[in-house]
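Treat the numbers as computed from the prediction; the structure is a model and nothing was measured.
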Amino acid sequence: MGNAVGRFAALSVSSSLLFGLFAPVRGQNSAPPVAPPPRPSPSTEQFQAEPPTTLPPPPQPLQETQKPESGLITGDTIAVNGAELHLPWRLEGESGSGQRLVVPIDILTHRLGARVNRGADGLQLAWFGHVVPLQQADPPLGSGPSAVDIAPLAERFRWRFTAAGSRLNLRIPPPRLVNVRLGQSAERVRIVLDFLGPAPFRVEDRALLVEMRSRDVHLREMETLGIPHQWTPGLLNLHTTILSSDSRVLTLGSPERLVLDLSYEDFLALRILGPTGGQAVLPPLKQFRLNARVLTLGQRRFRVHSVALDLTNPSVTMLPLTGAHGMGGLDSLQALAKTWQADLAINGGYFNRIRKLPLGAIKRQGYWLSGPILGRGAIGWGSGKRPVFGRLTMKETVTGPRGSITVSHLNSGYVQKGVARYTHHWGSHYHPLTQGETGFLVRGNRVVRHFAAFQLKGGVALAPESWLLVARSGASLPLRLGDSVVLDQRLTPGVFGQQPHVLGAGPLLLQGGRPVLNAGLERFSPQFQREQAPRSVVAWGQDQLWLLTVQGLGNSGPTLKEAGRLARQLGMEDALNLDGGSSTTLVFRGVTTVRGRGVDSRVHNGLGVVVREPPGENGSQRSRN
């Protein structure tokens with residue numbers, strides 16, 4: 001928003017989707033495929049790459065190396081793309097349209113991922129939207145499994161085969177991957193892989209293996225989308241061992257695509273746990289986990305993601321996240337978390353999206369990076385202590401020989417008439433935010449330089465031992481060069497001054513177990529108070545700190561009042577609303593697991609949780625930037 005003043009018991013393979021969101025297979029009298037679309041719109045969380053302009057050269061004609069006079073060749077080994085299977089096979093006739101290649105049906109279902117169905121006219125193969133009649137073997141392959149003639153399939157899909165002794169070499173060219181995307185409904189999530197042709201796939205040791213060709217850009221897309229995988233040339237391994245039996249693999253046509261259809265809970269587990277199968281990256285991570293649940297208020301439903309933190313754990317540290325170069329600029333929450341090596345992060349306070357500057361309190365390790373504004377809600381905390389919640393105000397006064405000067409704001413992007421103060425925590429330089437600003441530079445409690453408007457326009461360097469007073473809209477600064485000044489700073493409530501970390505946002509939702517929502521008191525607009533939007537909340541309850549996100553299911557999201565009611569429903573005692581809307585973001589173990597409106601939004605700041613590895617025998621710990 002910015003501005004605001006399980007187990008994967010059995011992967012079933014199917015050619016149509018459970019609730020009709022995907023296209024039917026070819027040959028059925030149904031509507032064309034409508035979801036997920038092959039080309040994403042700019043407003044959806046999807047990634048597109050240009051498909052190759054040329055197709056691979058056609059394969060060589062069907063051929064065999066044995067040609068006995070009887071025109072019959074048999075064997076007991078089938079190698080599919082080099083993988084040997086001890087299965088019988090039979091090749092009948094000479095090369096041409098009358099040739100028959102008889103193999104067990106298992107080759108089609110277990111190695112290609114196809115479905116073999118019995119229709120009115122006999123068996124049919126359904127594979128990536130292609131429906132092809134199958135001819136059962138007559139005579140059968142001894143007493144073994146059911147067998148079919150796949151010579152028509154080989155001709156249709158350009159497979160190659162050669163017979164060498166008792167071994168049949170079957171080559172099924174892997175298609176090129178041309179797109180990776182996500183589709184999402186209220187209850188289901190779909191990982192979609194688009195191909196230039198059918199892709200052989202199989203479930204092996206509860207992992208989904210796909211034979212394909214890919215460019216690096218598509219593998220990077222999977223990383224960006226948080227899809228755990230391993231890639232070896234020609235084979236994609238999707239880590240599906242943690243999924244439940246509610247998840248399914250689907251093949252669809254127009255274009256040929258492979259779809260992993262998941263419950264939302266399985267999707268969350270897949271992205272978070274990935275190849276570790278649920279094992280924590282560091283031992284302290286066992287102290288918290290990401291949960292997702294659906295809560296209701298009347299007829300309205302909301303999805304809530306939550307993480308509970310034990311701040312008394314010495315291995316867990318929470319701190320405000322900001323960019324590496326002062327208070328100017330926006331970045332993705334994922335990038336901010338990476339900068340601070342945070343294992344968990346949620347978006348923080350408000351900011352001016354145009355100026356890319358903060359609009360609220362940010363205090364880290366005892367230093368004010370940005371001061372509070374408008375008496376808005378804030379949270380303050382320190383190591384091993386219960387955090388404090390309240391509406392925070394700061395009053396600064398600079399007293400010189402000719403009187404006192406009231407400072408309206410410290411290191412703030414919130415601009416109004418009066419005098420503001422800026423330190424080196426704002427950045428290396430200060431540049432005017434309004435026309436006609438004048439200023440005085442103070443070093444060692446003494447005025448050392450005066451800046452007229454034309455001089456301030458070029459920017460002023462801010463050194464650690466100095467600070468700048470800026471007068472806006474004609475406000476007076478009764479100071480002269482050489483004046484000695486005294487700075488006085490007071491916070492209300494005063495307990496915030498004892499907290500090494502503070503983050504401001506608002507409005508305050510709960511305090512001491514009671515609803516205290518008063519958006520007007522915190523100078524939020526009536527429109528903002530009525531708005532339904534995704535929400536981010538930091539709260540205290542059950543002797544733990546909670547990071548919460550709330551998104552609407554079938555609606556735009558909760559109002560502020562509904563966010564407070566949901567927090568109480570979860571057992572929270574104190575709760576502070578953070579920036580929301582498109583800013584609502586949650587990053588867990590480097591993966592963006594929640595996007596408020598489904599898009600990656602840049603933010604100014606956030607709350608990050610850093611988990612330190614317990615010291616080893618040499619006393620070493622994971623370092624932080």
* Flag, side chain of Ser315 to backbone of Asn313, donor-acceptor distance under 3.5 Å -> no
* Over 12 non-hydrogen atoms of neighbours within 6.0 angstrom of CZ in Arg402 -> yes
* Flag, side chain of Asp343 to backbone of Val610, donor-acceptor distance under 3.5 Å -> no
* Could you give me the CA-CA distance, side-chain angles and deciding distance for Phe351 and Tyr414, then say whether ring pair (Phe, Tyr, Trp, His ring centres under 6.0 Å) is met? => CA-CA 9 Å; Phe351 55 95; Tyr414 182 69; over 10 Å; no
* Asked: Are any of the side-chain heavy atoms of Pro358 and Met327 separated by less than 4.5 Å?
  -> yes
* Asked: What closest approach, in Å, do Pro558 and Ala563 show between heavy atoms, and which atom pair accounts for it?
  -> CB-N, 4.0 Å
* Are any non-hydrogen side-chain atoms of Trp467 and Trp426 less than 4.5 angstrom apart? -> no
* To do: Calculate, to the nearest 0.5 Å, the distance between atoms NE2 and CE belonging to His409 and Met394 respectively.
  => 10.5 Å
* State the CG-CG distance between Asn518 and Leu560, to the nearest 0.5 angstrom. => 11.5 Å
* Asked: Do Phe451 and Leu468 have side-chain heavy atoms sitting under 4.5 Å apart?
  -> yes
* Main-chain N/O of Gly482 paired with Arg446 side-chain donor or acceptor, under 3.5 Å -> yes
* **Ring-face cation of Arg376 near Phe524 (centre distance under 6.0 Å, axis angle within 45°)** => yes
* Ignoring hydrogens and geometry, is there a side-chain-to-backbone donor-acceptor pair from His305 to Leu548 under 3.5 Å? -> no
* On the 0 to 90° scale, with breaks at 30° and 60°, tag the His425-Tyr367 ring pair as parallel, tilted or perpendicular. => tilted
* Asked: Mind checking whether Val419 and Leu469 have side chains closer than 4.5 Å, heavy atoms only?
  -> yes
* Asked: Is the CZ atom of Arg300 crowded by more than 12 outside heavy atoms at less than 6.0 Å?
  -> yes
* Side chain of Glu437, backbone of Ser473: donor and acceptor closer than 3.5 Å? -> no
* Structure fact -> All heavy atoms of Val587 vs all of Ala337, minimum pair found to be CG1-CB, 4.5 Å
* Asked: Can you tell me if Asn347 uses its side chain to pair, donor with acceptor, with the backbone of Thr585 under 3.5 Å?
  -> yes
* To do: May I ask you to say whether Arg386 pairs ionically with Asp574, meaning some side-chain N is under 4.0 Å from a carboxylate O?
  => yes
* Nearest heavy-atom neighbours spanning Leu545 and Pro387 -> CD1-CG, 3.8 Å
* What pairs of residues pass the side chain to side chain donor-acceptor pair (under 3.5 Å) test when at least one of them lies in residues 387-398, not counting sequence neighbours? -> Arg391-Glu522, Glu396-Arg421, Glu396-Gln489
* Within a strict 4.5 Å, meaning less than it, do heavy atoms of the Asn577 and Arg535 side chains meet? -> yes
* Nearest heavy-atom neighbours spanning Thr438 and Ala453 -> CG2-N, 3.9 Å
* Asked: Say you draw a straight line from CD1 of Ile405 to CZ of Phe440; how long is it, rounded to the nearest 0.5 Å?
  -> 8.0 Å
* Thr584 and Thr549: side-chain donor and acceptor closer than 3.5 Å? -> no
* **Interatomic distance, Asn411 atom CG to Leu357 atom CG [nearest 0.5 angstrom]** => 11.0 Å
* Side chains of Arg597 and Pro534 in contact at under 4.5 Å (non-hydrogen atoms) -> yes
* To do: Please name the pair of heavy atoms, one in Gly557 and one in Gln532, separated by the smallest distance, quoted to 0.1 Å.
  => O-CB, 3.2 Å
* Compute whether any side-chain donor of one residue and acceptor of the other, for Ser536 and Asp579, lie under 3.5 angstrom apart. => no
* **Nearest-0.5 Å distance, CZ of residue Arg565 to CG of residue Leu510** => 12.0 Å
* Within 6.0 angstrom of Glu465 CD, more than 12 heavy atoms from elsewhere -> yes
* Asked: Hey, is the main chain of Pro500 close enough, under 3.5 Å, to the side chain of Lys363 for a donor-acceptor pair?
  -> no
* Identify the heavy atoms of Ile362 and Pro320 that sit nearest to each other, and give their distance. => CG2-CB, 3.9 Å
* Are Arg568 and Glu573 side-chain neighbours, meaning at least one heavy-atom pair lies under 4.5 Å? -> no
* **Donor on one side chain, acceptor on other, Thr559 and Arg530, under 3.5 Å** => no
* Inspect the contact between Arg215 and Glu221 and indicate whether a charged nitrogen and a carboxylate oxygen are less than 4.0 angstrom apart. => no
* Reported CG-to-CG distance for the pair Leu336 and Leu607, which is rounded to 0.5 angstrom -> 11.5 Å
* Is Trp381 close to Leu503 at the side-chain level, that is, under 4.5 Å between some pair of heavy atoms? -> yes
* To do: May I ask you to check whether Phe389 and Phe496 place their ring centers less than 6.0 Å from one another?
  => no
* Answer yes or no: is there a donor N or O on one side and an acceptor on the other, between the side chain of Tyr422 and the main chain of Ser412, under 3.5 Å? => yes
* Side-chain donor or acceptor of Trp546 paired with backbone N/O of Gly541 under 3.5 Å -> yes
